[in-house]
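A short worksheet on the structure shown next.
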Amino acid sequence: MTSRGTASRFLQSVLQNGVGRYVCQLKRVALLFSRRGNGSLGVRDFIEEGVVDYAKKYPGTVVYVSPQEGCKKPKIVAEYLNGNIREEDVNCKTSEEVLQLLTKLASQSGLDVIRLRKPFHSDSPSIQGHWHPFTNRPPSIGPICPQSPYARMD
């Protein structure tokens, strides 16, 4: 699929998040797993070892632990402040991988991941890099140093 066929938007902030204090956009997380299933072993280990630390690290996020008997594959259901819901499959993942996934979900805004558009366009982009005051300075001059207070003025 070409770049023109994918959805895109300009970079935006969620309710000016970061202008004042940062507000985590993840509202609640539900860990759905089986009590006896082999695929849920990593989720059960995470609940025993790391769910309290995760809850302390993200106090604005509610964590639900929900064991279900008919659960074939364990999953994480994340709900964000804007109402979006994301489901992630954690079948046969370790406790560390579950923690990484939960941390990733907490750092996202809940908006769909799409291609970002830049607010400018150039048909011939520069390959020279950014300009700075020493761009065209000859290297033979050497570094600029402050003059010694004992230097003679002629």
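- You'll find the side chain of Glu69 reaches within 4.5 Å of the side chain of Arg36, heavy atoms only.
- Shown here for Val77 and Glu87, the closest heavy-atom pair between the two residues is CG2-CG, 4.0 Å.
- The distance from the NZ atom of Lys27 to the CG atom of Asn84 is 10.5 Å, given to the nearest 0.5 Å.
- No donor-acceptor pair under 3.5 Å is formed between the side chain of Tyr54 and the backbone N or O of Thr103.
- Proximity of Thr94 to Asp45: side-chain heavy atoms (C-beta onward) are nowhere separated by under 4.5 Å.
- For the atom pair CD (Gln68) and CZ (Arg35), the distance works out to 10.5 Å, reported to the nearest 0.5 Å.
- Cluster annotation: Val63 and Leu99 are assigned to the same hydrophobic cluster (Ile/Leu/Val/Met/Phe/Trp/Tyr, side-chain heavy-atom contacts under 4.5 Å, transitive).
- Taken together through direct or relayed side-chain contacts under 4.5 Å among Ile, Leu, Val, Met, Phe, Trp and Tyr, Leu32 and Ile85 form part of one hydrophobic cluster.
- Residue Glu97 holds its CD atom at 12.0 Å from CG of Leu102, rounded to the nearest 0.5 Å.
- No donor-acceptor pair under 3.5 Å is formed between the side chain of Ser40 and the backbone N or O of Phe33.
- Summarising the geometry, atom NZ belonging to Lys93 is positioned 13.0 Å from atom CZ belonging to Phe46; distances are rounded to the nearest 0.5 Å.
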* Residue pair Leu31, Val90: steps toward the side-chain contact (heavy atoms from CB on, under 4.5 Å) verdict -> CA-CA 9 Å; Leu31 299 170; Val90 288; over 6 Å; no

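- The OG atom of Ser107 sits 9.5 Å away from atom CG of Leu26, with the distance rounded to the nearest 0.5 Å.
- Within 6.0 Å of atom NZ in Lys75, 12 or fewer heavy atoms from other residues, nucleotides or ligands are found, so the atom counts as exposed in its surroundings.
- Looking at Leu105 and Val29, their side chains never come closer than 4.5 Å, going by heavy atoms from C-beta outward.
- Both Val52 and Leu101 belong to a single network of hydrophobic side chains, linked directly or stepwise wherever heavy atoms of I, L, V, M, F, W or Y lie under 4.5 Å apart.
- Using a 4.5 Å cut-off on side-chain heavy atoms (C-beta onward), Pro74 and Asn91 make contact.
- Val51 and Tyr58 fall within a single hydrophobic cluster, where Ile, Leu, Val, Met, Phe, Trp and Tyr side chains are chained together by heavy-atom contacts under 4.5 Å.
- Taken from OG in Ser95 to CZ in Arg44, the straight-line distance is 12.0 Å, to the nearest 0.5 Å.
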